[in-house]
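Order of the sequence lines fixes the chain letters, A, B, ..., with proteins taken first and strands second; residue numbering starts at 1 for each chain.
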Amino acid sequence: MGCDFKKIEEKWQKKWDEIQPFKAFNFSKKPKFYALIEFPYPSGQGLHVGHPRSYIAMDIIARKRRMQGYNVLFPIGWDAFGLPAENFAIKNKIHPKLVTKKNISKFKEQIKSLGISFDWNREVNTTDPGYYKWTQWIFSRLFEKGLAIKEETAVNWCTSCKCVLANEEVIEGKCERCGSGIFQKRKFQWILKITKYAQRLIDDLKTVDYPERVKQQQINWIGRSEGALIRFKTTSSDQILEVFTTRPETIFGVSYMVVAPEHKIIESNTKLIENMEEINKYKTEASKKSEFQRSQMLKEKTGVEIKGIRAINPANGKEIPIFMADYVLIGYGTGAIMAVPAHDERDWEFAIKYSLPKPVVILGGKDGEAFIGDGTLVNSDFLNGLDTSKAKTKIIKFLEQNKNGESKVSFKLRDWIFSRQRYWGEPIPIINCKRCGLVLDKNLPLILPETEEYETSEDGESPLANLPWIHVNCPKCLGKALRETDTMPQWAGSSWYFLRYSDNENDSELASKKAIDYWFPVDWYNGGMEHTTLHLLYSRFWHKFLYDIGVVSMPEPYAKRTSHGMILGENGEKMSKSRGNVVNPDEIIQEFGADAFRLYEMFIGDFEKAAPWSASGIRGCKRFLEKFWDMAFNISDGEIRPDFQTLINKTIKKVGEDIEKLKFNTAIASLMDLLGQIKKTGKITRDELEVFLVLISPFAPHVSEEIWKRSNFEGLASESVWPSYNEKLIKLEQNTIVLQINGKIRSKMVADSQISGKELIDLAKKDEKISSIIKNQNIIREICVPSKLVNFVIE
RNA sequence: GCGGACAUGGCGAAAUUGGUAUACGCGUACGAUUCAGAUUCGUAUGGAACUUUUCCGUGCAGGUUCAAGUCCUGUUGUCCGCACCA
């Protein structure tokens, strides 16, 4: 009997839309389960075969939870602000709003064709004013609490996107999106003080269930280091040079200071500095280098001495020179360091190049290189003879007493640069008033104005700057004022979208406290590793802020996070248009059906690892479904046959446990195995079919639903009850026992699982093969693993 | 350079506390069905040899153990993250 999968799939997708078996209920007597996938950016290329890997996996989990009696929230939405839609709009002269709308409907159609059990009533869209009203609302609260500030800082500038980028968006010195080089530029920007939450973002990782590599990556990104802040007086009357160091105990080994090219000591001492020309030249050259170029040059250090001012070592009062060099970064610590060449590799190289002294203050190093280990202090006055850690404590105490420094924790994490010179984003609800300063526009949502000109200008001004929209009256003094023209980055809307799902139609709050308390935390969140130091970190930060102001009741949004691997092209390379190895899910579904597609994506390999697509691999999944279809109409009334009790109970256990561990590939393998065993008998009983249908339905829901219906089971397969297994039935009455001599397999036998170890050994000795070997041999040891093996050790 | 992960047939991959290595699928070969092809079904499929049997096999070299894909030490390779972070 053939099977028209396409027709069946359409039929059940329509039916599910009507009956809505996947609707989540706010407040229910059932236990709640919140399953979340990263909502997609609806790009013009449509759905990629990589997207569904996450959706199908969470769909399987969501479907299983519903069958286990949970009130499941499994929502989807659209992360629709962002550059690609805008670039497409510019190129094709279509408003990004229209492009986005079109893309969303395409995505929606594609996702629906996969039969994912999303609750479509909960759909959200970050570009909807009813949604971004609340994104702006959160920004406003951040502003009120002083966590959103406008400041001139060094920013990453992408010349191609004509836009600033957050630190997290710079990958190997290049733009995350377009791959162009990034230059450092000073600019007034909106900044979110994520660094205020750095410690908590590390600490609370202990309270959540994330993969170890995700935690580690976040910890490394935040980059906590303990040390001291030390203030060096200078020969310029009121100029103090502040440095951060993790090795304050080496202070007697300081032979010079270094400041970053962007350091403000230059501007405030132009009169004292004797070689301004030389310095300005160095500064200009440094600013011309992109961050990528700067890191490519690695350890080749350059610098220039700042003549005219010297620093004074607070430990011994000695005067030392100050250099400017681009191996010191303005963005980390204080943008200045105390250089200890004998005990720091970078300072060592610099000191060699510029013939500076390298006084040794810790014993233990070799000649000709910097010693960075621990040891005993020498040449260090009152620290002499102490070991590194004691010296550290003592010097910090000394500095504190003299008010020249204190212990300090520093983070690599930089504040989040939050403004973008772009059209297609949430307007920042701030009004610039000459009299009142920055004033919140409380009239939300602040609607993104209509325009035909959404191209960024050459000078890097936002397209909004040219619109009459910017003229507004100050809400405080009612005088003439101007609107902020930068927009928020794409990461804004996605930093809280999971909250909106809990109560997506609320227009008086971002979501009611009651709904949030009911659904949160998210029980299981699956997403890509590429978001570990972007969305995942940003959203944890926002959630903590919302916790602090009482909007949410727990400090972490996600109880459990997992990550899927990428789906690669058939050649094992990353799928991309330019490589010509992109697989279009529409074509696959057209040819093999959604169920085969779903099965194959889960069967392809370890869920957490990258896996290459295989056109022939999906064929096997399709065959399996066809076999199943044929079998299901070769049904005979009756219970589970005794011969199948063990295997079926085992399979229930295996499939259930494997789903929880994301081992979808082995869950499917065990279903294939079971079907193969049943098929050998030429028929399937009704009870066997029922169990099999329930187990396979999360993986292949359409065909399961159809067979369920045709076999006259009650209701929907999607609403059936997940079976339990009987542990007693899993244990075999008889086992194959492996018989070994000196650890090598020599024979096998079948034995009752009840019999004792001693009896087993006796039986083994009687085995024909074994007895012929051990005859005339000295048995030194007899080892028995019940119901598994017997091993005789002979000389 | 630092941190993390991984290494198993022709391919994607399985393998509980150390206890039958290669489950399941793909591919391939042969056979059946067919006018033929596609599909489907059946059988076989790590390597080697003197083939009812034996030996060798989980990147490489050692070690622990009655027993190692699994544990330990060293080593090579691949991938990922960070990268002058003071």
Side-chain angles (χ1 to χ4, degrees), chain A residues 2 171-173 211-221 223-225 227 243-248 250 258 260 294-295 297-301 325-329 331-340 343-347 349-350 372 410-414 529-530 532-533 565-566 570 572 599-600 603-606 608-621 623-624 626-627 630 657 663 665-676 679 735-745 747-748 769 779-785 787-794:
Chain A
I171 311 291
E172 287 178 347
E212 211 39 55
R213 57 183 174 152
V214 171
K215 288 190 185 183
Q216 205 52 51
Q217 217 168 296
Q218 288 207 346
I219 289 168
N220 290 346
W221 184 260
R224 181 183 203 272
S225 53
V243 301
F244 172 74
T245 175
T246 54
R247 305 291 303 272
T250 60
V258 188
R294 248 158 106 163
S295 67
M297 307 179 78
L298 282 170
K299 296 198 164 144
E300 224 184 282
K301 300 199 173 27
D326 65 3
Y327 82 90
V328 170
L329 309 172
Y332 183 72
T334 61
I337 60 154
M338 58 180 222
V340 188
H343 305 289
D344 182 284
E345 283 168 354
R346 296 151 297 177
D347 298 343
E349 272 179 56
F350 192 83
I372 54 172
S410 192
F411 296 96
K412 273 203 300 190
L413 182 73
R414 295 187 218 175
M529 279 305 286
E530 70 274 17
T532 301
T533 53
M566 238 192 300
E570 291 222 52
L599 270 173
Y600 179 61
F603 188 62
I604 194 167
D606 188 329
E608 300 184 83
K609 285 193 205 142
W613 182 266
S614 155
S616 54
I618 192 169
R619 185 138 263 136
C621 292
R623 277 187 204 135
F624 168 57
E626 273 163 355
K627 250 187 245 176
D630 291 342
E657 289 178 355
K663 299 271 177 203
N665 51 342
T666 49
I668 293 168
S670 72
L671 287 167
M672 287 173 166
D673 192 39
L674 174 60
L675 187 71
K679 197 169 183 287
N735 295 298
T736 302
I737 309 294
V738 175
L739 307 179
Q740 298 181 329
I741 305 285
N742 287 349
K744 294 200 168 170
I745 295 150
S747 187
K748 286 172 192 179
K769 191 90 197 295
I779 298 175
I780 303 166
R781 250 178 102 176
E782 294 169 348
I783 291 143
C784 176
V785 182
S787 66
K788 275 211 172 125
L789 70 82
V790 176
N791 185 15
F792 296 111
V793 185
I794 60 174

Legend entry - Euclidean distance for P, B:A23 against B:C11 (whole angstrom): 15 Å
Inset, instruction - Write down the distance separating the P atoms in B:U70 and B:A21, rounded off to the nearest Å. - result: 14 Å
Legend entry - Pairwise P distance, B:A13 and B:A7 [rounded to whole Å]: 10 Å
Legend entry - Separation of B:C80 P from A:Gln217 CD (nearest whole Å): 12 Å
Inset, instruction - Just call it for A:Ser225: base, sugar-phosphate, or nothing, with non-hydrogen atoms closer than 4.0 Å on any strand. - result: sugar-phosphate
Inset, instruction - Could I get the full list of salt bridge (Lys or Arg N to Asp or Glu O under 4.0 Å) partners for A:Arg224, not counting sequence neighbours? - result: A:Glu226
Inset, instruction - Using modelled atom types only, decide if a donor and an acceptor are shared between the side chain of A:Asn742 and the backbone of A:Ile794 within a distance under 3.5 Å. - result: yes
Inset, instruction - Hey, which sits more toward the 5' end of RNA chain B by its nearest nucleotide, A:Asn220 or A:Gly223? - result: A:Asn220
Legend entry - Upstream residue (5' side of RNA chain B) when A:Thr245 and A:Asn791 are each assigned their closest nucleotide: A:Asn791
Legend entry - Side chain of A:Arg213 (C-beta onward), nearest among B:G4, B:A86, B:C84: B:G4
Might you list the N or O atoms of the protein lying below 3.5 Å from N or O atoms in nucleotides 45-53 of chain B, with each pair's distance?
none

Inset, instruction - Begin with the C-alpha distance, continue with both residues' side-chain angles, and end with the deciding distance and a verdict on side-chain contact (heavy atoms from CB on, under 4.5 Å) for A:Phe603 and A:Met672. - result: CA-CA 11 Å; A:Phe603 188 62; A:Met672 287 173 166; 4.0 Å; yes
Inset, instruction - Would you mind reading off the distance between A:Ile783 atom CD1 and B:G18 atom P, rounded to a whole angstrom? - result: 15 Å
Inset, instruction - Kindly point out which of B:C84, B:A86, B:G4 is positioned nearest to the side chain of A:Asp326? - result: B:C84
Legend entry - Atom CZ of A:Arg619: over 12 foreign heavy atoms under 6.0 Å: no
Inset, instruction - Verify side-chain contact (heavy atoms from CB on, under 4.5 Å) between A:Phe350 and A:Asp344, making sure each step is shown before the conclusion. - result: CA-CA 10 Å; A:Phe350 192 83; A:Asp344 182 284; over 6 Å; no
Inset, instruction - With sequence neighbours left out, write down each residue that passes side chain to side chain donor-acceptor pair (under 3.5 Å) with A:Trp221, or none if nothing qualifies. - result: A:Glu168
Inset, instruction - Figure out the OH/C1' separation between A:Tyr327 and B:A83, and round it to whole Å. - result: 17 Å
Inset, instruction - Quote, to the nearest angstrom, the C1' distance that separates B:U17 from B:G12. - result: 29 Å
Inset, instruction - Output all residues satisfying side chain to side chain donor-acceptor pair (under 3.5 Å) with A:Glu782, sequence neighbours left out; order by chain, then residue number. - result: A:Lys765
Inset, instruction - Could you summarise the pairing of RNA chain B as dot-bracket text, marking Watson-Crick and G-U pairs under 3.5 Å with ( ) or [ ] inside the strand and | across strands? - result: (((((((..(((......[....)))((((((.......))))))((((...))))..(((((..]....))))))))))))....
Legend entry - Non-neighbouring partners of A:Ser787 that pass side-chain contact (heavy atoms from CB on, under 4.5 Å), sequence neighbours left out: A:Asn735
Legend entry - For atom CD1 of A:Ile780 and atom P of B:C66, their distance in whole Å: 10 Å
Inset, instruction - Decide, for B:U8, between syn and anti: a glycosidic angle within 90° of 0 counts as syn, anything else as anti. - result: anti
Inset, instruction - Answer with base, sugar-phosphate or nothing: what part of the nucleic acid does A:Ile604 contact at a heavy-atom distance below 4.0 Å? - result: sugar-phosphate
Inset, instruction - For B:U54 versus B:G62, give the span between their P atoms, rounded off to a whole number of Å. - result: 26 Å
Legend entry - C1' spacing across the pair B:G74 / B:C79, given as an integer number of angstrom: 22 Å
Legend entry - A:Tyr600 side chain to A:Ala615 backbone, donor-acceptor under 3.5 Å: no
Legend entry - Neighbour count above 12 (heavy atom, 6.0 Å) for A:Ile372 CD1: no
Inset, instruction - Quick one, give me the B/S/- string for nucleotides 20-27 of chain B, reading 5' to 3', where B means a protein heavy atom under 4.0 Å from the base and S means that only happens at the primed atoms, P, OP1 or OP2. - result: BS-BBSSS
Expected rows: protein N/O vs nucleotides 5-7 of chain B N/O, under 3.5 Å:
none

Legend entry - Residues forming a ring-ring contact (aromatic ring centres under 6.0 Å, His included) with A:Phe792, sequence neighbours excluded: none
Legend entry - Contacts of type salt bridge (Lys or Arg N to Asp or Glu O under 4.0 Å), residue A:Lys627, not counting sequence neighbours: none
Inset, instruction - Using the P atom on both, measure B:G10 against B:G59 and round to a whole Å. - result: 13 Å
Inset, instruction - For A:Asp606, check salt bridge (Lys or Arg N to Asp or Glu O under 4.0 Å) against everything at least two apart and list the hits. - result: A:Lys609
Inset, instruction - Go through A:Lys788 and A:Val738 one step at a time and tell me if the side-chain contact (heavy atoms from CB on, under 4.5 Å) criterion holds. - result: CA-CA 6 Å; A:Lys788 275 211 172 125; A:Val738 175; over 6 Å; no
Inset, instruction - Measure from CG on A:Asp606 to C1' on B:A14 and round the result to the nearest Å. - result: 11 Å
Legend entry - Qualifying residues under salt bridge (Lys or Arg N to Asp or Glu O under 4.0 Å), relative to A:Asp347, sequence neighbours excluded: none
Legend entry - Syn/anti state of B:G9 by chi, 90° boundary around 0: syn
Legend entry - Distance, P atom - from B:U8 to B:G63, rounded to whole angstrom: 24 Å
